[in-house]
Student: 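Would you mind keeping the following structure in view while I ask a few things?
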Amino acid sequence: MDVMGDKATLLETGRFAQHADIALPADFVVPAETGAAADSVLTAEPGAAAGRALSPAESAQAADEDETGDAAEEARQRLAAESGDAEAMSVLGAMLLRRGDLDGAEPYLRGATAAGDRAAANNLGVLLHQRGYADEAANWWRIAAVAGSAAAAHALGRHHRERGDEPAAEYWLRQSAEQGHALGAYALADLLEHRGDAAAEQWMRVAAERGHREAAYRLARALGRRAEQEERAAVREGRRIARAAFETGSTSREAAREGRPVVREGRAAVQAGEPDADNGVGATAAEAEQWYRQSAARGHRRAALHLGAILERRGELKEAGRWYLTSAKDGEPRAACALGFLLRDAGDTESAAVWWLRAAQDGDGNAANALGALHAERGETQTAERWYRAAMDAGDVNGAYNLGLLCAEQGRTAQAEQWYRRAAYAGHREAANALAILLLQVGDASGAEPWFSKAAEAGSVDAAFNLGILFAGRGDDVAALVWYERAAAAGHTEAALQVAIARLRDGDERAAERHLRCAAGGGSAEAAYRLAAVLDARRPPAPAHELGEPVREKNECEEWYERAASQGHRRAQVRVGMLAAGRGDVIEAARWYRVAAESGSRNGAFNLGLLLAREGSEPEAALWWARAADAGHGRAALRLALVYARRGELVEGKRWADRAVALGPAEVAERAARLRDALRDELSA
């Protein structure tokens with residue numbers, strides 16, 4: 001029994017594994033007012049001149065100047081604070097807080113707060129929160145928030161959310177967000193998203209537009225998911241249009257033309273992010289890419305990873321590699337893994353292995369699997385096994401599946417079954433299919449069937465096809481057809497061919513043609529040949545080609561025959577030769593007959609002999625007829641008998657006549673018997 005899946009690839013996972021991203025909240029302990037966004041706190045700008053890289057000596061000098069400037073500024077503010085300047089107290093307290101000098105900062109912040117400085121009240125809340133006095137911190141944040149501090153409102157909202165008081169949290173976060181505070185807008189969006197509120201995206205967009213990189217990343221993720229839904233909807237619409245066109249009388253080819261543009265918009269436009277695609281398809285993906293780009297440019301490593309994946313799908317490999325590299329250097333193991341695949345595809349396996357190693361050491365199971373496959377290809381099975389085990393330890397079920405494949409290739413069937421079972425019980429559908437195949441190979445068909453069913457129900461197309469083979473082998477054609485149809489609907493080429501054969505057997509030529517086109521388009525030579533035969537039977541017989549007439553154009557039927565022939569289908573090769581001969585192209589006919597004959601076709605050898613004999617090359621024709629006759633072709637044996645009879649080689653002629661009688665068919669056997677009797681009479685005379 002021929003089943004699918006015994007030569008499965010070592011890596012089931014793609015080069016960019018989609019894992020659920022956990023949104024990380026903004027740092028709570030450093031609200032904006034302790035930094036550049038503080039109401040009255042200024043931060044020193046870097047001393048480097050814009051647009052010019054500094055040398056190490058210049059950098060050191062600039063750092064010294066900054067330190068000197070900071071010290072001078074601190075001394076100036078301290079002098080003013082000691083004289084009772086509330087603003088100076090606030091600034092000095094913030095400077096000390098930023099430096100980590102909580103004891104030094106607290107008296108200045110309290111003094112400024114007592115004088116009504118809202119920035120000092122907010123920063124005092126930060127200081128108290130860092131010391132573990134959350135409730136007292138909240139009191140000061142409330143005072144600052146009531147006074148109009150957006151940063152304090154954000155901190156207070158976060159405080160209430162941590163306490164589980166979502167209504168209060170939403171109130172203060174909204175106050176902060178509506179004042180234009182990026183952290184407040186992001187925290188509000190996070191809260192609303194947690195509730196499933198549609199307004200979450202609006203506030204996430206506000207935060208992203210104000211430079212919040214995590215908000216830009218999460219907005220891009222949401223838009224990306226929506227783009228995927230648009231893609232699926234467009235693909236469904238394309239299929240619906242094609243099906244409707246077919247049901248209203250269009251040919252399968254015309255129906256495909258009707259639906260294909262919509263499918264292209266759904267897949268190509270959405271994935272490539274073409275904003276100008278019709279009906280807006282692709283605009284969402286383009287916007288998602290824009291936000292990924294903005295977030296990645298601000299140093300968000302996961303955004304850089306996703307941006308790299310988008311660019312790679314679009315074929316912009318150089319830029320994709322740059323973003324993968326950026327993300328990988330920032331410590332993202334999935335980016336290091338993806339960069340490894342990119343380098344491998346470019347032929348640089350050594351560099352790929354370096355990045356896979358880095359990712360695998362950081363716990364990326366996909367990278368460990370890739371390393372295992374690399375070592376397996378080199379014949380280093382022990383090292384490969386070690387990496388597959390590492391992948392399994394990292395929680396990647398593909399590790400167990402790949403261990404099963406490795407053991408199966410080495411003939412370690414019992415161990416292969418053990419690993420397949422482990423992966424299959426963990427939900428790995430291809431492992432379930434491989435386990436079923438292994439059980440089938442050892443004669444346990446009853447044990448194989450439930451695993452095929454489990455894999456098929458989980459979406460394994462090969463398993464669905466294998467179930468069809470299993471039921472067909474038992475003579476249950478109805479159940480077999482159900483599974484063949486399921487696999488064919490998922491794009492399985494051989495399953496589509498089996499459905500077409502069943503439809504032809506039932507007399508439903510229209511449905512058979514539709515499935516044959518699918519299978520032939522998927523690369524099945526047998527389907528291309530059968531489709532050509534269906535089309536061939538419909539067309540009126542072509543008039544015989546007269547000498548001197550121009551060669552006729554090829555039709556669709558011949559194109560399918562030629563596709564099958566070019567894939568090595570011997571009957572198609574013979575048929576292409578016959579059609580070429582019929583339109584007067586003797587050279588083309590001889591070429592295809594020879595290809596078929598050399599690959600073992602007795603009809604090809606016989607027809608090549610006829611063509612050569614017609615062209616006056618009877619000795620060579622006899623050689624091909626002999627090959628055909630030895631393969632069981634009765635007419636070729638009769639032709640040889642006639643050739644030897646004309647040459648006067650009666651014994652050889654009689655021998656081939658006897659052979660033709662034995663081979664048949666009936667009319668050939670009858671003619672060969674008469675020739676044999678005549679030759680026998682002449683030999684005995």
Side-chain angles (χ1 to χ4, degrees), residues 1-15 17 19 333 337 353 356-357 359-471 473-474 483 487 492:
M1 184 178 296
D2 186 19
V3 291
M4 299 293 295
D6 54 328
K7 293 183 179 179
T9 57
L10 285 176
L11 281 176
E12 185 199 39
T13 55
R15 59 189 61 179
H19 297 296
C337 180
W356 283 334
L357 178 61
Q361 289 173 338
D362 286 340
D364 188 276
N366 196 21
N369 273 315
L371 280 171
L374 184 64
H375 287 289
E377 288 171 5
R378 295 171 177 174
E380 301 165 357
T381 54
Q382 288 185 338
T383 307
E385 185 170 337
R386 191 179 82 244
W387 281 113
Y388 288 149
R389 287 179 183 273
M392 192 171 57
D393 292 342
D396 192 330
V397 70
N398 286 300
Y401 172 57
N402 289 336
L403 276 169
L405 291 173
L406 192 66
C407 292
E409 288 177 358
Q410 296 172 343
R412 296 150 60 192
T413 306
Q415 288 175 288
E417 181 181 343
Q418 169 195 345
W419 292 117
Y420 284 151
R421 282 188 186 277
R422 181 163 179 173
Y425 278 122
H428 196 295
R429 65 190 187 191
E430 295 309 324
N433 180 56
L435 174 60
I437 292 169
L438 189 147
L439 293 171
L440 203 60
Q441 288 170 344
V442 297
D444 187 2
S446 60
E449 183 180 340
W451 285 111
F452 275 140
S453 297
K454 185 174 182 179
E457 293 296 345
S460 171
V461 182
D462 281 347
F465 178 67
N466 290 339
L467 271 174
I469 293 175
L470 196 64
F471 283 113
R474 295 174 182 172
W483 287 106
H492 196 288

Student: Is the shortest heavy-atom distance from the side chain of L440 to the side chain of F452 under 4.5 Å?
Tutor: yes
Student: I need the E430 CD to L405 CG distance, nearest 0.5 Å.
Tutor: 10.0 Å
Student: From the options D462, I469, V461, select the one residue that forms a side-chain contact (heavy atoms from CB on, under 4.5 Å) with F465.
Tutor: I469
Student: Taking all atoms of both residues into account, what is the closest heavy-atom pair of A394 and G363, and its distance?
Tutor: CB-O, 3.6 Å
Student: Over all heavy atoms of both residues, which pair between A408 and A416 is shortest? Give the atoms and the distance, please.
Tutor: N-CB, 3.7 Å
Student: Hey, what do you get for CD (E457) to CG (L467), rounding to the nearest 0.5 Å?
Tutor: 8.5 Å
Student: With A367, which residues qualify under side-chain contact (heavy atoms from CB on, under 4.5 Å), at least two apart?
Tutor: C337, W356, A359, A360, D364
Student: Which pair of heavy atoms, one from A376 and one from A384, lies closest together, and at what distance?
Tutor: N-CB, 3.6 Å
Student: Any salt bridge (Lys or Arg N to Asp or Glu O under 4.0 Å) involving residues 431-453? Give me the pairs, sequence neighbours left out, ordered by first then second residue.
Tutor: E449-R474
Student: Drop me the distance from D362's CG to L357's CG, to the nearest 0.5 angstrom.
Tutor: 9.5 Å
Student: Could you list the residues that satisfy ring-ring contact (aromatic ring centres under 6.0 Å, His included) with W451, not counting sequence neighbours?
Tutor: Y425
Student: Drop me the distance from E385's CD to C407's SG, to the nearest 0.5 angstrom.
Tutor: 5.5 Å
Student: Do you know which two heavy atoms are closest between S460 and R429, and how far apart they sit?
Tutor: N-CD, 3.7 Å
Student: Residues in side-chain hydrogen bond (donor to acceptor under 3.5 Å, both in side chains) with Q361, at least two apart?
Tutor: none
Student: Of all the heavy-atom pairs spanning N369 and N398, show the shortest one and how long it is.
Tutor: ND2-CB, 3.3 Å
Student: For residues A353 and L371, report the shortest heavy-atom separation together with the two atoms involved.
Tutor: O-CD2, 3.9 Å
Student: Could you pull out all residues at least two apart from E417 that satisfy salt bridge (charged side-chain N to carboxylate O under 4.0 Å, His left out)?
Tutor: R421
Student: Go through the steps to decide whether Q410 and Q415 satisfy the test side chain to side chain contact (heavy atoms under 4.5 Å, CB included), and finish with yes or no.
Tutor: CA-CA 10 Å; Q410 296 172 343; Q415 288 175 288; over 6 Å; no
Student: Do Y401 and Y420 touch side chain to side chain, with heavy atoms closer than 4.5 Å?
Tutor: yes
Student: T383: which residues meet the side-chain contact (heavy atoms from CB on, under 4.5 Å) condition with it, sequence neighbours left out?
Tutor: H375, E380, R386, W387
Student: Listed by chain and number, what are the side-chain contact (heavy atoms from CB on, under 4.5 Å) partners of A464, not counting sequence neighbours?
Tutor: A456, W483, A487
Student: Any chance you could measure R389, atom CZ, to N402, atom CG, to the nearest 0.5 Å?
Tutor: 13.0 Å
Student: For the atom pair CZ (R412) and OG1 (T381), what is the distance rounded to the nearest 0.5 Å?
Tutor: 7.5 Å
